[in-house]
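Heads up, the thing below is written out as structure tokens.
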Amino acid sequence: MMRTKCSRGISPTLALLVHVVARARRSARDLNIAAVMSRSHVLKSCHALASRALKAPASQPRHFSNLPETTIYGGPVSQSAVKRFTLRQLMQKYAKKEPITMVTAYDYPSAVHVDQAGIDIALVGDSVAMVVHGHDTTLPVTLDDMLLHCKAVARGARRPLLVGDLPFGSYEQSPQQAVDSATRMLKEGNMDSVKMEGGIGSRVAAAKAISEAGIAVMGHVGLTPQAISILGGFRPQGRSSARALLVLEHALALQAAGCFSVVLECVPSPVAAAITTTLKIPTIGIGAGPKCSGQVLVYHDLLGMMQHPHYAKVTPKFCKKYAKIGEVINSALEEYNREVTSGEFPSGAHTPYRLENNQLDFFIEDLQKNGFHDAAEAANKAALQDEAVDSLLKKTSVV
């Protein structure tokens with residue numbers, strides 16, 4: 001096959017066009033109609049195609065949750081200056097013994113706050129069932145519920161590593177079910193990884209299957225809220241030597257299954273220290289003392305958002321409230337209610353829109369013509385109030 005010459009810098013599309021035109025010219029010459037395909041016509045066609053190619057917008061990368069920091073074959077290039085915190089960076093912090101931060105997020109606003117605070121990991125936790133949906137446990141939340149929250153968080157958190165909790169009932173039945181659910185978390189929920197609870201039997205098999213499927217998985221031992229049925233409530237774990245060794249065995253099993261990290265919940269500090277020293281992967285503590293590789297808290301808990309008496313009863317003892325956002329929210333809502341009731345809101349400062357020039361008179365006239373006399377009078381009074389506000393604002397701006 002004869003090949004057309006293509007100078008370096010010409011796009012593959014243009015090179016293909018030149019090749020096709022060359023073949024057409026040869027066919028035309030054989031048929032004695034070469035005049036139809038003159039040299040000038042070919043050059044003009046090539047020039048027009050090149051101009052269109054130069055003017056065409058550059059292809060945009062897909063909005064992957066975690067764009068690769070480096071690639072072998074090229075790939076999408078992030079248009080944002082903010083880079084996602086990756087598993088490699090997580091392990092670098094772990095190797096340097098730098099504390100790792102993780103906070104839960106459940107929607108776009110909380111994700112934005114977690115992102116702007118520079119938190120390393122944003123966990124879309126199944127605790128959403130309790131702090132957002134108002135359930136007493138984490139059990140009622142479904143995989144579809146979690147996916148909805150994961151999508152919202154992925155839109156708001158651009159920097160943190162995103163971890164999606166696999167809810168109760170979405171991975172226990174078989175390794176295949178676990179892989180299917182984890183796959184949906186990444187493909188539909190735009191998560192970077194998943195988290196699952198438990199360190200025995202089918203839970204370990206599920207973690208292994210997920211990891212072997214190429215999906216990063218975080219384990220969770222100690223108090224596992226999804227097992228509340230057999231635990232008899234939210235109770236601390238590992239408080240005897242035998243039970244502490246059992247928690248260690250569970251953590252080791254998850255590490256062997258391929259987990260990149262393990263959450264230690266509600267275990268004594270010496271137990272957490274022993275597990276952290278034994279494992280070769282980061283531990284993330286919640287109610288497990290200061291000796292873990294990192295810490296996690298629930299967004300609503302650390303901000304002091306919930307003021308309902310029921311919620312006060314279930315707020316964990318280990319949680320430090322860094323703010324009293326709930327009190328601020330309640331105060332603002334009460335003030336809003338009072339101002340609306342008294343007619344103080346909205347004031348002129350919060351009534352910014354006006355009819356276009358000369359349209360007010362036409363509007364009032366049209367209302368009167370159509371028999372809406374009361375409406376015309378009301379519109380006129382409102383307009384006079386707007387004029388008074390505008391005059392006052394002008395005087396204030398001059399001063």
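Note that the numbering runs from 1 along the sequence shown for the chain.
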Inset, instruction - Would you please name every residue forming a salt bridge (charged side-chain N to carboxylate O under 4.0 Å, His left out) with Asp145, sequence neighbours left out? - result: none
Should [X] and [Y] be regarded as members of a common hydrophobic cluster, given that ILVMFWY residues are connected when their side-chain heavy atoms come within less than 4.5 Å of each other, either directly or indirectly?
| X | Y | result |
| --- | --- | --- |
| Leu254 | Val267 | yes |
| Val296 | Leu90 | yes |
| Val128 | Leu143 | yes |
| Leu223 | Phe168 | yes |
| Tyr322 | Ile121 | yes |

Just wondering, do [Y] and [X] contact through their side chains at under 4.5 Å, heavy atoms?
| X | Y | result |
| --- | --- | --- |
| Val271 | Leu248 | no |
| Ile284 | Leu264 | no |
| His220 | Pro225 | yes |
| Arg338 | Glu334 | no |
| Glu356 | Gln359 | yes |
| Val194 | Leu186 | yes |
| Ser193 | Ile215 | no |
| Leu302 | Lys320 | no |

Are the side chain of [X] and the backbone of [Y] linked by a donor-acceptor contact shorter than 3.5 Å?
| X | Y | result |
| --- | --- | --- |
| Thr224 | Gln226 | no |
| Gln177 | Gly169 | yes |
| Arg159 | Ile119 | yes |
| Ser211 | Ala207 | no |
| Glu197 | Val221 | no |
| Ser261 | Met218 | no |
| Arg84 | Arg158 | yes |
| Ser391 | Glu387 | no |
| Glu172 | Ala206 | no |
| Arg184 | Leu147 | no |

Identify the two heavy atoms, one from [X] and one from [Y], that lie closest to each other, and give their separation to 0.1 Å.
| X | Y | result |
| --- | --- | --- |
| Ile210 | Val179 | N-CG2, 4.0 Å |
| Ala209 | Pro175 | CB-CB, 3.6 Å |
| Lys321 | Asp301 | CG-O, 3.6 Å |
| Ala251 | Ile275 | CB-CG2, 3.8 Å |
| Pro160 | Ala157 | CD-CB, 3.9 Å |
| Asn190 | Lys187 | OD1-O, 4.1 Å |

Listed pairs under 3.5 Å, donor-acceptor, residues 362-384 side chains, sequence neighbours left out:
unit_1, atom_1, unit_2, atom_2, d
Glu365, OE2, Lys369, NZ, 3.2
Asn370, ND2, Asp366, O, 2.7

Inset, instruction - Please assess Glu212 against Lys208 for the test salt bridge (Lys or Arg N to Asp or Glu O under 4.0 Å), listing each intermediate value before the final yes or no. - result: CA-CA 6 Å; Glu212 290 179 349; Lys208 188 173 187 295; 2.4 Å; yes
Using 0.5 Å steps for rounding, measure from the [atom1] atom of [X] to the [atom2] atom of [Y].
| X | Y | atom1 | atom2 | answer |
| --- | --- | --- | --- | --- |
| Ile286 | Glu265 | CD1 | CD | 5.0 Å |
| Glu188 | Thr183 | CD | OG1 | 10.0 Å |
| Asp126 | Thr142 | CG | OG1 | 11.5 Å |
| Met196 | Asp165 | CE | CG | 10.5 Å |
| Leu392 | Lys395 | CG | NZ | 7.5 Å |
| Lys151 | Met191 | NZ | CE | 11.0 Å |

Inset, instruction - Kindly indicate, with the supporting measurements, whether the criterion side-chain contact (heavy atoms from CB on, under 4.5 Å) is fulfilled by Met146 and Val141. - result: CA-CA 7 Å; Met146 292 300 301; Val141 72; 3.9 Å; yes
Inset, instruction - Start with the C-alpha distance between Val389 and Thr351, add both sets of side-chain angles, then the distance that settles side-chain contact (heavy atoms from CB on, under 4.5 Å), and finish with yes or no. - result: CA-CA 9 Å; Val389 170; Thr351 310; over 6 Å; no
Inset, instruction - Check the pair Val262, Gln255 against side-chain contact (heavy atoms from CB on, under 4.5 Å), reporting the backbone distance first and the verdict last. - result: CA-CA 8 Å; Val262 175; Gln255 176 179 263; 5.7 Å; no
Inset, instruction - Mind running side-chain contact (heavy atoms from CB on, under 4.5 Å) on Leu297 and Phe318 for me, showing each step along the way? - result: CA-CA 9 Å; Leu297 283 177; Phe318 57 75; 4.1 Å; yes
Heavy-atom count around [X] [atom1] within 6.0 Å, excluding the residue itself: above 12?
| X | atom1 | value |
| --- | --- | --- |
| Phe234 | CZ | yes |
| Lys93 | NZ | yes |
| Ile200 | CD1 | no |

Inset, instruction - Determine, for Asp390 against Arg354, whether the closest basic-nitrogen to carboxylate-oxygen distance falls under 4.0 angstrom. - result: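 Salt bridge flag = yes for Arg354 with Asp390.
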Legend entry - Between His133 and His149: side-chain donor-acceptor atoms closer than 3.5 Å: yes
Legend entry - Any side-chain donor near an acceptor of the partner, Gln176 and Asp180, under 3.5 Å: yes
Can you list, pair by pair, the side-chain donor-acceptor contacts under 3.5 Å of residues 96-113, counting residues two or more places apart and other chains?
unit_1, atom_1, unit_2, atom_2, d
Thr101, OG1, Asp120, N, 3.0
Thr101, OG1, Asp120, OD2, 3.4
Thr104, OG1, Tyr106, OH, 3.0
Thr104, OG1, Tyr299, N, 2.8
Tyr106, OH, Ser127, OG, 2.6
Asp107, OD1, Ser110, N, 2.9
Asp107, OD1, Ser110, OG, 2.6
Ser110, OG, Tyr106, N, 3.1
Ser110, OG, Asp107, N, 3.1
Ser110, OG, Asp107, O, 3.1

